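Values in this document were obtained by computation on a predicted structure and should not be read as measured data.
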Amino acid sequence: MNVTEYAGLITGEIADTLGKVSPEDGEKLTDMILDAKKIFVAGAGRTGMAARAFAMRLMHMGFEAYVCGETITPSLEAEDLFIAASGSGSTGSLVTMTQKAEKIGAQIATVTICPEGPIGRIADLAVEIPAPTPKARVKNKTVSVQPMGSLFEQCAFIFFDSIILRLMEKRGISSDKMFTRHANLE
Ligand SMILES: O=P(O)(O)OC[C@H]1O[C@](O)(CO)[C@@H](O)[C@@H]1O
């Protein structure tokens, strides 16, 4: 199979998987973001890259958004929203952060393959992306031609971009307006 054919397989997997995500849960996450004072996102490895890209777009929209672990990230407060992106729902550092967020009394959302995992059980909202996971043995509903957590990581990125489009619609914010907040010291 050539690279273009592989790309077609990948985009097909992404479309199939994201087509199974609950639109109601997407709407709930959108509303949680709109209701939050500050928004903190966290994720490890490649999942973390999707989370970071999401925080960047939230910033472009004018939200006070932070990536956990960065030097300028302030403390989480009860009025804030913590979003943990984790396919397995059980990555150690993210479980610890979620437990801390619960103690603080912040709202907690997760985007995950495993809503029944340690993070999902604590979260106020667990958005399920039904991709395969190499880490969590509790379930493996689907198969993918791709290695490890690639399908989840891709879906998380696009799911977060879908949330951004819905927020743009609800807030009436244009791409041009967002671009005015883009870093100009790159
Ligand atoms: O999404 P999870 O299960 O929290 O895993 C985080 C990261 O760990 C890996 O599975 C392996 O490092 C990455 O592929 C993934 O992005």
Side-chain angles (χ1 to χ4, degrees), residues 1-30 32-33 39-61 63 65-70 81-95 97-98 109-120 123 125-169 175 178 182:
M1 197 173 286
N2 66 38
V3 169
T4 305
E5 289 165 336
Y6 275 128
L9 277 185
I10 290 171
T11 52
E13 286 189 347
I14 294 169
D16 284 349
T17 306
L18 285 177
K20 294 174 191 153
V21 174
S22 158
E24 290 78 20
D25 284 352
E27 197 64 20
K28 281 182 201 160
L29 181 55
T30 306
M32 287 170 92
I33 290 167
I39 300 137
F40 293 69
V41 303
R46 285 167 51 106
T47 309
M49 291 177 187
R52 294 166 85 85
F54 182 46
M56 186 178 182
R57 283 284 183 262
L58 290 173
M59 176 276 289
H60 288 150
M61 294 193 73
F63 289 101
Y66 298 98
V67 176
C68 294
E70 294 201 341
L81 171 64
F82 172 68
I83 303 174
S86 175
S88 63
S90 59
T91 296
S93 59
L94 299 172
V95 174
M97 283 187 227
T98 305
T110 186
V111 175
T112 183
I113 300 168
C114 302
E116 69 278 22
I119 296 173
L125 173 68
V127 181
E128 180 178 3
I129 294 185
T133 170
K135 284 188 186 173
R137 295 178 197 286
V138 282
K139 67 174 174 185
N140 202 348
K141 288 176 181 169
T142 50
V143 290
S144 169
V145 296
Q146 303 182 73
M148 297 176 278
S150 290
L151 181 56
F152 171 76
E153 293 144 12
Q154 294 151 357
C155 287
F157 200 111
I158 294 172
F159 173 75
F160 283 139
D161 272 351
S162 309
I163 294 287
I164 293 297
L165 283 178
R166 184 69 179 123
L167 287 168
M168 288 171 69
E169 183 183 355
S175 176
M178 289 166 66
H182 187 63

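- Rounded to the nearest 0.5 angstrom, T17 OG1 and Q154 CD are separated by 9.0 Å.
- In terms of modelled atom types and a separation under 3.5 Å, the side chain of E13 and the main chain of V145 share a donor-acceptor contact.
- Under a 3.5 Å cut-off, the side chain of T91 and the backbone N or O of L94 do not form any donor-acceptor pair.
- Side-chain atoms of T112 come within 3.5 Å of backbone N or O of G87 as a donor-acceptor pair.
- The shortest side-chain heavy-atom distance between I113 and S88 does not fall under the 4.5 Å cut-off.
- Taking CZ from F160 and CG from L165, the interatomic distance works out to 14.0 Å, rounded to the nearest 0.5 Å.
- For the pair T47 (side chain) and S86 (backbone), a donor-acceptor distance under 3.5 Å is absent.
- I163 has its side chain out of reach of L58: every pair of non-hydrogen atoms, C-beta onward, lies at least 4.5 Å apart.
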Is there a side-chain contact (heavy atoms from CB on, under 4.5 Å) between V127 and T110? Walk through the geometry before answering.
CA-CA 6 Å; V127 181; T110 186; over 6 Å; no

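- Residues E153 and A50 share a closest heavy-atom pair of O-CB, 4.1 Å.
- Of the listed residues (I39, V67, I83), just one forms a side-chain contact (heavy atoms from CB on, under 4.5 Å) with F54, and that residue is I83.
- Residues L81 and F63 have side chains not in contact (no heavy-atom distance under 4.5 Å, counting atoms from C-beta outward).
- Atom-to-atom distance recorded for M61:CE and M168:CE is 6.0 Å, nearest 0.5 angstrom.
- Contact check for L18 versus V21: side-chain heavy atoms found under the 4.5 Å cut-off.
- Between L167 and R57, every side-chain heavy-atom pair lies at or beyond the 4.5 Å cut-off.
- Rounded to the nearest 0.5 Å, atoms OG1 (T11) and CG (L9) are 8.0 Å apart.
- Atom CD1 of I119 and atom OG1 of T98 lie 4.5 Å apart (nearest 0.5 Å).
- In this structure, S22 OG and I129 CD1 are separated by 11.5 Å, a value rounded to the nearest 0.5 Å.
- Proximity of E70 to R52: side-chain heavy atoms (C-beta onward) are separated by under 4.5 Å at one or more points.
- Inter-residue side-chain proximity for D25 and L29 is flagged as unmet; no heavy-atom pair is nearer than 4.5 Å.
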What do the steps show when you test M178 against I164 for side-chain contact (heavy atoms from CB on, under 4.5 Å), and what is the final call?
CA-CA 11 Å; M178 289 166 66; I164 293 297; 4.2 Å; yes

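- In this structure, Y66 and F40 have tilted ring planes: the angle between them lies in the 30° to 60° band.
- When every heavy atom of F157 is checked against every heavy atom of M49, the shortest pair comes out as CE1-O, 4.5 Å.
- Annotation: R166, atom CZ; neighbour count of heavy atoms from other residues, nucleotides and ligands within 6.0 Å is above 12.
- Within the 4.5 Å cutoff, no side-chain heavy atoms of M148 are placed close to those of R46.
- Residue M56 places its CE atom among more than 12 non-hydrogen atoms of other residues, nucleotides or ligands, all under 6.0 Å distant.
- With sequence neighbours left out, E5 forms a side-chain hydrogen bond (donor to acceptor under 3.5 Å, both in side chains) with no residue at all.
- Between A126 and P115, the shortest heavy-atom contact is CB-CB, 3.8 Å.
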